[in-house]
Trainee: 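Pasting a structure here, questions to come.
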Amino acid sequence: MRRLFPVTDLTAADDRGEWSLDALADAYAYPDTDGPWLRANMVSTLDGAAQHDGRSQPISCASDMRIFGTLRGLADVVIAGAETVRLEGYRPARAREAFAAGRVAAGQGPAPAVAVVSGSLDLDFSLPLFVSPLVPTLVLTGAGAPPDRIAAARSAGAEVVLAGEGSRVDPARAVRELAARGHRRLLTEGGPRLLGQFVAAGVLDEMCLTLAPMLTAGDAQRIAGGPSVAVPERFALASVLEEAGFLFSRYRRI
Ligand SMILES: NC(=O)c1ccc[n+]([C@@H]2O[C@H](COP(=O)([O-])OP(=O)(O)OC[C@H]3O[C@@H](n4cnc5c(N)ncnc54)[C@H](OP(=O)(O)O)[C@@H]3O)[C@@H](O)[C@H]2O)c1
């Protein structure tokens, strides 16, 4: 892996070869802010596909997964839409030795909590994600979600957070509710329908985008869907890493 941006005097031989998880954790450190910081991590093909055959794995690579793991290792909570949880078979986040000391120093628990956003609560609450996580899983839903499903989530051990009226979650309120529970370093892994709502609500602070050197054609979703914003929101390039033609970019909201 090599750093393409920012270019410094140190951008040289030191950057070649596989980066240690410590080096990646430094490169992706959360900024020191008082309030919550919402980062998204997504992968896209050159022609904008965010999945192939319903999964992101075919358009990912080993370095992408290493960064994916690093971003989890730095986060207080991982926020995912219910469809991604269902299709990608989400499991609880693991405690990893490589991030243990950093997490203790940052006052974090051993692994990030997973927060699932769902209106229907049509989720299998007997899965390990809900019954045996290291850190209790959060379920973000609306006040009007089916009461029997709310009860099922709670009896599985999940913490149900009401963050909207009706069955819908208000994305800005979801961020506030997570922050109120001490989660400042937020990471969303999508999917596109959820990410589009964070974008439209103007609460996305950072976009970590892997550009895969692949073309798939077809009509797969882009990384963010839903209604478009009135005015395109500008982001500034923070860094770009490269490995085997994959670009690992990081953009911050200006
Ligand atoms: N390229 C990447 O980096 C990447 C990342 C993640 C996922 N993906 C791919 O994207 C696909 C899935 O993404 P998706 O966009 O279809 O779905 P998604 O965003 O993961 O999940 C959509 C679901 O989340 C819940 N939801 C979203 N917004 C909500 C709100 N405001 N209030 C209440 N519930 C809300 C709803 O769940 P209920 O139906 O339960 O109400 C909705 O059906 C998969 O193919 C996956 O492989 C790609």
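Read the numbers this way: they start at 1 and go in the same order the structure lists the ligands and their atoms.
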Trainee: Taking atom types as modelled, is there a side-chain donor on D22 or S20 under 3.5 Å from an acceptor on the other?
Mentor: no

Trainee: Does any part of the side chain of C208, heavy atoms only, come nearer than 4.5 Å to the side chain of L71, both counted from C-beta?
Mentor: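 A side-chain contact exists here, since the closest heavy-atom pair is under 4.5 Å.
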
Trainee: Could you point out which residue of Y30, W37, Y251 forms a side-chain hydrogen bond (donor to acceptor under 3.5 Å, both in side chains) with E206?
Mentor: W37

Trainee: Answer yes or no: is there a side-chain heavy-atom contact under 4.5 Å between V175 and F198?
Mentor: yes

Trainee: Any link between F130 and L140 through a network of hydrophobic side chains (Ile, Leu, Val, Met, Phe, Trp, Tyr) touching at under 4.5 Å?
Mentor: no

Trainee: Relative to Y28, does R185 satisfy both conditions: NZ or CZ under 6.0 angstrom from the six-membered ring centre, and within 45 degrees of the ring's axis?
Mentor: no

Trainee: List, ordered by chain and residue number, the protein residues whose closest non-hydrogen atom lies under 4.0 Å from any atom of ligand 1.
Mentor: M42, V43, A50, Q51, G54, R55, S56, G81, A82, E83, T84, R86, L87, E88, V117, S118, G119, S120, S167, R168, V169, E189, G191, P192, R193, L194, Q197, Q221

